[in-house]
Amino acid sequence: MGMRLYDTKAQALRDFTPIVDGKVGLYVCGPTVQSSPHIGHLRSALVYDQLRRWLNFSGYDVTLVRNVTDIDDKVLQNATEHEPWWALAYRMELEFAAGYRALGVLAPTYEPRATASIQQMHAIIQRLIDNGHAYPATDGSADVYFDVRSWPSYGELTRQSIDNMEQAADADPRGKRDPRDFALWKGHKDSEAESASWPSPWGDGRPGWHIECSAMASRYLGENFDIHGGGLDLRFPHHENELAQSTAAGHGFANYWVHNGLVNVNGQKMSKSLGNSVYAADLLAQARPIVVRYYLGQAHYRSTIDYHDNALTEAEAALERIESFLRRADRRLAGTRFAGTGAESIPDEFREAMDDDLGVPQALAVLHDTIRSGNAAIDDDDLRVAAEARGQVWAMSNVLGINPLAPEWEQAGENDSHDVLAALVTRLIDAREHARAGRDFAAADRIRDDLAAAGITVEDTPTGAHWSIDG
Ligand SMILES: [Zn+2]
């Protein structure tokens with residue numbers, strides 16, 4: 001039996017069949033690098049890391065492309081006089097990379113930046129103009145819009161009819177045929193940095209967000225590829241628009257659409273205005289990175305996670321059960337004929353759970369059952385069964401990336417995780433100083449409060465801000 005995945009477009013579980021036998025092309029929407037990574041970003045990257053590891057384990061050669069949206073409205077908005085948009089984008093890209101690496105998220109096969117695929121975006125836009133699905137704005141703005149009324153299947157991903165859809169707020173509606181038409185190309189505005197402008201057949205400007213992903217996906221995975229992933233919040237308008245413009249340009253695009261659930265904080269949606277964001281740095285200050293990985297990865301990928309204080313405690317205990325069983329088994333088996341012989345194999349129930357739409361909660365239940373029976377076998381001196389359980393626990397926790405004794409975590413010793421934490425906290429403190437320099441005291445206080453909630457105290461001294469972990 002192979003794998004099945006919940007396809008958002010079909011709204012059903014579907015057997016997974018790759019386009020090319022033995023290979024999988026997986027495109028995941030990466031971050032818009034406008035501000036620090038938060039818990040939702042980490043979860044999304046982790047979900048596709050689990051999927052990729054499982055596909056790899058199942059024998060597929062996976063090409064994972066996760067982009068960096070380094071040009072977008074929000075990146076331009078958050079740039080300052082002292083930090084141009086491209087410097088901000090790169091600083092944030094480094095933060096995201098540090099957060100992903102800390103959690104053991106394997107690097108994507110390719111990680112393209114949007115600004116390096118402008119030509120590929122132009123080619124798709126030109127094709128859409130040529131075949132009547134896009135048009136340059138009539139108001140002299142140099143914008144180019146997708147003509148939603150020209151594409152009868154527009155709305156198919158989220159099953160909406162055009163008349164009930166929200167208007168696209170991405171550009172001035174004056175130049176649009178329909179207020180729902182969305183921007184493929186955005187003409188340069190005098191208020192925006194010169195450096196955020198590229199020449200195009202329709203006038204200088206920059207790409208719309210959606211066309212970036214369409215161009216990068218087809219450039220690196222081909223016009224038809226296997227799986228497109230991203231957070232549930234990206235279904236509309238982002239993915240609906242990606243799908244419309246790519247298929248209208250003649251691309252087969254994604255065969256499966258996979259969406260991961262979001263992370264709430266104390267029952268509320270995370271938002272800038274509520275000031276309840278939980279940053280990567282906050283989490284990594286509270287627990288070892290492997291604990292954070294266990295916590296964010298234990299729920300089913302489509303469910304919502306509700307983060308609350310002490311949320312990591314249970315994950316810490318679960319991980320300790322894995323670690324102490326592996327150490328106990330190794331101690332007991334040392335010097336016996338079972339030492340090191342526990343074949344590293346995956347129980348069938350674990351495989352079935354993972355094949356069933358990446359059923360990590362059920363897979364973890366198998367893992368913990370195996371630990372229980374392994375411990376019982378050690379109690380009974382049944383070393384053959386103990387060795388078998390040890391091999392299985394080792395293999396299962398490796399596939400999930402949560403084997404505390406695996407080299408990937410042993411290398412990430414105390415010093416290393418402290419370095420990552422220090423880098424992330426330092427950047428938050430920089431952001432706070434930026435906010436204060438810009439007299440945005442509310443934002444500055446929010447960052448300080450977030451850090452305080454994570455047990456990090458920031459002290460302002462004549463030589464700058466210093467931080468320490470409470471207790
Ligand atoms: Zn995208």
Side-chain angles (χ1 to χ4, degrees), residues 7-9 25-35 37-38 40-49 51-52 63-76 89 92-93 96-97 100 105 108-118 120-125 128 146 154-158 166 168-171 182-186 206-249 251-262 301:
D7 176 11
T8 311
K9 184 157 167 272
L26 170 57
Y27 184 87
V28 178
C29 289
T32 299
V33 279
Q34 50 165 335
S35 51
H38 58 59
H41 295 119
L42 293 183
R43 191 216 185 166
S44 181
L46 178 54
V47 160
Y48 300 102
D49 187 60
L51 176 59
R52 176 212 210 161
T63 303
L64 169 60
V65 177
R66 188 187 61 221
N67 73 294
V68 175
T69 291
D70 58 343
I71 183 74
D72 189 47
D73 295 1
K74 292 168 185 165
V75 178
L76 292 175
M92 289 303 142
E93 187 183 321
F96 275 88
Y100 295 151
V105 171
T109 320
Y110 309 116
E111 193 170 16
R113 295 186 190 138
T115 49
S117 292
I118 302 277
Q120 286 71 16
M121 298 171 205
H122 286 173
I124 297 176
I125 296 171
L128 291 170
F146 184 83
Y154 186 62
E156 62 180 325
L157 182 66
T158 48
E166 280 173 42
D170 56 356
F182 56 89
L184 300 167
W185 188 254
K186 297 181 163 196
R206 59 188 173 90
W209 175 31
H210 319 303
I211 196 72
E212 297 182 353
C213 283
S214 281
M216 287 182 276
S218 56
R219 182 176 184 183
Y220 293 98
L221 294 173
E223 294 183 357
N224 182 210
F225 57 94
D226 296 298
I227 306 172
H228 191 312
L232 209 52
D233 52 337
L234 299 184
R235 276 179 312 174
F236 186 86
H238 186 51
H239 290 167
E240 191 72 72
N241 294 353
E242 279 186 38
L243 175 63
Q245 68 206 0
S246 286
T247 45
H251 297 180
F253 214 51
N255 283 3
Y256 298 82
W257 285 87
V258 172
H259 288 100
N260 63 277
L262 306 180
Y301 77 87

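Counting starts at 1 for both ligands and their atoms, following the listed order. Positions are given from 1, in the same order as the sequence printed here.
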Test item: Gln34 and Met92 side chains (from C-beta on) under 4.5 Å apart, heavy atoms =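 Gln34 does not reach Met92 side chain to side chain.
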Measure from the Zn ion (ligand 1) to each N, O or S atom of His210 and report whether any distance is below 2.8 Å.
->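 For His210, the answer is no, given that no N, O or S atom comes within less than 2.8 Å of the Zn ion (ligand 1).
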Give a yes/no answer: is there an N/O/S atom of His239 under 2.8 Å from the Zn ion (ligand 1)?
->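 His239 does not place any N, O or S atom closer than 2.8 Å to the Zn ion (ligand 1).
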Any chance the side chains of Tyr154 and Asn241 put a donor and an acceptor closer than 3.5 Å?
->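 Yes, because at least one side-chain N or O of Tyr154 sits under 3.5 Å from a partner of the opposite role on Asn241.
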Identify the two heavy atoms, one from Cys29 and one from His228, that lie closest to each other, and give their separation to 0.1 Å.
->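 Closest approach of Cys29 to His228, heavy atoms only: SG-CE1, 3.5 Å.
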Option among Asp49, Leu64, Val28 that satisfies the side-chain contact (heavy atoms from CB on, under 4.5 Å) test with Pro108 |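 Testing each of Asp49, Leu64, Val28 against Pro108, the sole residue satisfying side-chain contact (heavy atoms from CB on, under 4.5 Å) is Leu64.
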Please note down the angle at the Zn ion (ligand 1) between SG of Cys29 and SG of Cys213, to the nearest 10°.
->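 SG of Cys213, the Zn ion (ligand 1) and SG of Cys29 span an angle of about 130°.
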Taking just the N, O or S atoms of Glu242, which one is nearest to the Zn ion (ligand 1)?
->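 Of all N, O or S atoms belonging to Glu242, OE2 is the one nearest the Zn ion (ligand 1).
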